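Structure first, then comments.
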Protein chains: 4
Amino acid sequence: MAVHHFQPEHYHNTIGAHEPVLKIADGDTVVTSTVDARGWDHRGESAAGRGNPMTGPFYVEGAQPGDTLAVRLESMVPSRAWGWTFNVLAPNVVDPNAAAALPPPEIVRWSVGTEQALVALEKPTPGLAGLKLEARPFLGCFGVAPPKDQAISTATSGEYGGNMDYKGLVAGVTVYFPVFAEGALFFLGDGHAVQGCGEIVGTGVEISLDVRFTVRVLKGKTIGWPRGESDTHWFCIGNARPLDQALQHATTEMLSLLTKDFGLTASEASLLLGQAVEYEVANVFNPAYSVVCKVPKAVLSML
Amino acid sequence: MAVHHFQPEHYHNTIGAHEPVLKIADGDTVVTSTVDARGWDHRGESAAGRGNPMTGPFYVEGAQPGDTLAVRLESMVPSRAWGWTFNVLAPNVVDPNAAAALPPPEIVRWSVGTEQALVALEKPTPGLAGLKLEARPFLGCFGVAPPKDQAISTATSGEYGGNMDYKGLVAGVTVYFPVFAEGALFFLGDGHAVQGCGEIVGTGVEISLDVRFTVRVLKGKTIGWPRGESDTHWFCIGNARPLDQALQHATTEMLSLLTKDFGLTASEASLLLGQAVEYEVANVFNPAYSVVCKVPKAVLSML
Amino acid sequence: MAVHHFQPEHYHNTIGAHEPVLKIADGDTVVTSTVDARGWDHRGESAAGRGNPMTGPFYVEGAQPGDTLAVRLESMVPSRAWGWTFNVLAPNVVDPNAAAALPPPEIVRWSVGTEQALVALEKPTPGLAGLKLEARPFLGCFGVAPPKDQAISTATSGEYGGNMDYKGLVAGVTVYFPVFAEGALFFLGDGHAVQGCGEIVGTGVEISLDVRFTVRVLKGKTIGWPRGESDTHWFCIGNARPLDQALQHATTEMLSLLTKDFGLTASEASLLLGQAVEYEVANVFNPAYSVVCKVPKAVLSML
Amino acid sequence: MAVHHFQPEHYHNTIGAHEPVLKIADGDTVVTSTVDARGWDHRGESAAGRGNPMTGPFYVEGAQPGDTLAVRLESMVPSRAWGWTFNVLAPNVVDPNAAAALPPPEIVRWSVGTEQALVALEKPTPGLAGLKLEARPFLGCFGVAPPKDQAISTATSGEYGGNMDYKGLVAGVTVYFPVFAEGALFFLGDGHAVQGCGEIVGTGVEISLDVRFTVRVLKGKTIGWPRGESDTHWFCIGNARPLDQALQHATTEMLSLLTKDFGLTASEASLLLGQAVEYEVANVFNPAYSVVCKVPKAVLSML
């Protein structure tokens, strides 16, 4: 149960079977850092190429294809006092006619408080003068090497994780990934200080992070899509376009979770989901959209 | 500000410019009842044809095309002690290959407590023996006469409302509809004792309701899609297939709400939505899906 | 087998159970006329309200719900020497970012030759000086009263037909509609002198038409979606959004046609379709898109 | 203008920056062979792993990112006398309820004539006893290394080409690919003896091919998506899910072709496309669907 302190020196813009930066054991903890979506580090200096540069990959000993890698997100702390976003809705989230009327997007900076953890525009316009949002830092893009020796751009996502931009993946959550390559090869990056559902301006408040996480290998446990567990929910993430298909993947994985892990029949799982399921639109911006299918633990604990 | 007690004697399976059952004034309250999605009333007897039979329409004096009708949902109380659902996921919410493996759906009855307001299976299977859900009654299908003298099946929905099946439309919420016909012509029905997001087994816990609501006419106020206001959120509902388009409609309407009603610029509205928006999948089962775009009042109150 | 000459005096902007303008018998022929999508008649004068005003409905004696109405399109001839189109791609048929760069659309007039049947811009710009297209007149919007006593805007389409804008529905084709109302109640309008696939500028060359058609009632023959038969193909039309669902409807109906009408097993129909099916995108502009699933008669004649 | 005879010894199941098997010059011709989608060669023996194993990559001297690679398909000839298909429609091409009623798919063999070039079932069932289809061999999967050093499964496709399964890419057609990597790195495989639109049983008649092609580098010519030119049409291919987005990509690329290569304004291109465009659904089965936007050369030659 070692704790590794790892300082990245290079980054990857694809998730694939790249040379591991560190080999760690089942149960180990890693303390490391990530640069932001454009490669800007904790000093605001360019440390990597644009497009969600990843820290890693971390090779987890014992992880084999067909296993599951559990990653407990111990902490994600902004490592600088500002982040940035775009300032115009993405054209695909409004009606086509409305999209034509939107102004061209620009980059805007937000201050990110360290003590009070509030996020506010550095130069607020009159309409948003009082806007202060609670920071809820999370990793926008992380996951394991994809199947079939692919190396896939960190712009998108799939069953291996990737650029899901799900705001629910905050500290305290455990995320489960299907393992497709020996050692799993875990990558992480693209920190956000806060974000709404859907990443509908194309960014969260993009920021560099200090991250601490712990891995576990679930030998012989096979899953189809990323799953997660928070204090309050079990959830499954589907990544695809359109939203309808992402929702299908997430719901199918939840059906599998309820029948295989909780022992329900398909009909029991359906009855429970029909009256208790929750969905979140994690991102509706990236090449693959992400939908999260959630069930409250309060409901599951009644079973 | 009269209070009308209205006992329906016939029902409509389309929403359109049907003969009003009652003329009411701006500010009036109506106390009435609805049968369930199959037309079964508070005694469990068939009182209307299948397919979301509607109580109404109520003609609201003074409402003209181009106005907005505000409907405050004062109370919705189950009028019998049981509801029903299907017991299998709809084939369109899981992966096509997984759909083929699902059993054929059957109707299952749930008891709906009157005092403790708990919803539980009448004949629970072993896996769901302990399942008890808090009742949160709402109207699955309601709205006003659609544009262009259409009469549209209560299976679907549009900018006039209709079969949105949004579980957030509970007592205490005010819903705003664009008015397309003289008198607005308000319909209501399809009560649910409780439901998860998306109505993914094709039903909530379908039940007859006693309903009390109050109308207001917002003269000269023109909106594009149903909007709503709860204690905690402003929200807009988009109804269309696929989910992507429903989300576009809802987000476009929210952009309109923030710019016209809250005075933000398009860029300010984008900045706020980008980091604070929430989405709900109201239904992913009906011919038109429904997506809700929400903004917390706690955020809006900072502006 | 009477031939009726019918001169319309009013038009409908919804398809529904309106008062018949004429009762005709099984086997009868009707000679009538249609105004264009904006209600402009053969003199170019406004004869009806905007939005695909319909001639009809024609009540076909003996047609009952569950039957099929066959409509043979004997001839469709432009009744004036010009038509009109928009001149910019609809924003939903290009990438969202490309849509923002398109100019605002305007109406442009085309000359429609009567002898040589060529369609050309009235005021060609330099780049299109030589453009002359062969006229292929067809009805953009036609069909029968929809199910459940609905009255649905002629902007959209469904299993009853409607605004399908399919350029393959030219003279010589027989179209089959499911009957949902007594007398079927057949409507027609929205003539186009020519059109590409998809109606991607939002119009064909919109024009008034003289139309001759013959009806037949197929008693006890039940179909799910409009079907058609040309000299070369059998085809089925699915109307829905998105294209994926329209294609599903069309393919499902073709599977039904091949198994029920041609006696193939599901696997035989699949083998045939897999290697011989053709698809056309009829419209990708209206509220419901239309996709056509076609099988060559040359292939079917081998069976 | 050398002619290279290349006999593959290994194959790739991803398209990416793999070690070139041959360096060729601008203008050179290659004569080579491909195995089928499951890796079965001209003798029907397993020569490569499942999932569209690719011959190549061929490094084309002088090709740089930002250029275009033109590949003229000189000939594609089946190298064995049989192919195979699945025998049941894919569940995603029919309505979800209809999908559940389909039998499980099996592999079926077809004979592929060498002299008369007819394709027929080896063991025809009674319903398909007479079915004989003309062979129209094409490559289902081919293209160049994708952007950003990705290596992407040959199951899918993108702006670099890949598994497009477009039946129009027959001998005589020239295909244009955007170049993303030095040397372009051209791959080819997944031959089909014949196929309907959409690849709706999940396969064409899968077969090994002898292929002859010629490359040209268009220096400084930058395109966004694969384009092609046959005797009769110019066309552009969009690859994405859902069909709506694939169609948007294809139409946007065609707009670019007409404005940049043919010198039309956006409005002129719109007018032409609106009344003359054709679409084909190349595949509606793979992870990315493919839609083809076509314009007849007969129309373009009038300009």
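Chain identifiers are assigned alphabetically (A, B, ...) following the order of the sequence lines, protein sequences preceding nucleic acid strands; residue numbering begins at 1 within each chain. Excluded from the calculations below are hydrogen atoms, water molecules and symmetry mates; all remaining heavy atoms, backbone and side chain alike, are included. Just so it is clear, the model here is predicted, and its values are computed rather than measured.
If you measure heavy-atom distances from A:Pro242 to chain B, the contacts under 4.5 Å come from both the backbone and the side chain. Contacts between B:Ala129 and chain A at a heavy-atom distance below 4.5 Å are absent for every atom of the residue. With a threshold of 4.5 angstrom between heavy atoms, A:Leu102 approaches chain B through side-chain atoms but not through N, CA, C or O. Proximity to chain B involves both the backbone and the side chain of A:Val194, based on heavy atoms less than 4.5 angstrom apart.
Ranked by heavy-atom pairs under 4.5 Å with chain A, the list B:Ala266, B:Cys197, B:Gly238, B:Ala276 is led by B:Cys197. Considering only heavy-atom pairs separated by less than 4.5 Å from chain A, the leading option among B:Val281, B:Leu128, B:Leu303, B:Val88 is B:Leu128. No other option in A:Val201, A:Val205, A:Val119, A:Val277 has as many heavy-atom pairs under 4.5 Å with chain B as A:Val277.
Side-chain contact check for B:Leu133 versus A:Val299: some heavy-atom pair is nearer than 4.5 Å.
Atom CG of residue A:Leu247 and atom CD1 of residue B:Ile200 lie 7.5 Å apart, to the nearest 0.5 angstrom. The distance from the CG atom of A:Leu264 to the CG atom of B:Leu131 is 9.5 Å, given to the nearest 0.5 Å.
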Could you list each donor and acceptor atom pair linking chain A to chain B at less than 3.5 Å?
unit_1, atom_1, unit_2, atom_2, d
A:Asn87, O, B:Ser267, OG, 3.1
A:Asn87, ND2, B:Ser267, OG, 3.2
A:Leu89, N, B:Ser270, OG, 3.0
A:Asn92, O, B:Gln248, NE2, 3.0
A:Asp95, N, B:Thr252, OG1, 2.8
A:Asp95, OD1, B:His249, N, 3.4
A:Asp95, OD1, B:His249, ND1, 2.8
A:Asp95, OD2, B:His249, ND1, 3.4
A:Thr125, OG1, B:Glu268, OE2, 2.6
A:Gly127, N, B:Glu268, OE2, 2.9
A:Gly196, N, B:Gly274, O, 3.0
A:Gly196, N, B:Gln275, O, 3.4
A:Cys197, N, B:Val277, O, 2.9
A:Thr203, O, B:Gln275, NE2, 3.4
A:Leu243, N, B:Asp244, OD1, 3.0
A:Asp244, OD1, B:Leu243, N, 3.0
A:Gln248, NE2, B:Asn92, O, 2.9
A:His249, N, B:Asp95, OD1, 3.4
A:His249, ND1, B:Asp95, OD1, 2.9
A:His249, ND1, B:Asp95, OD2, 3.4
A:Thr252, OG1, B:Asp95, N, 2.8
A:Ser267, OG, B:Asn87, O, 3.2
A:Ser267, OG, B:Asn87, ND2, 3.2
A:Glu268, OE2, B:Thr125, OG1, 2.6
A:Glu268, OE2, B:Gly127, N, 2.9
A:Ser270, OG, B:Leu89, N, 3.1
A:Gly274, O, B:Gly196, N, 3.0
A:Gln275, O, B:Gly196, N, 3.3
A:Gln275, NE2, B:Thr203, O, 3.4
A:Val277, O, B:Cys197, N, 2.9

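Qualifying side-chain contact (heavy atoms from CB on, under 4.5 Å) partners for A:Pro124, counting only residues two or more places apart in sequence or in other chains: A:Leu121.
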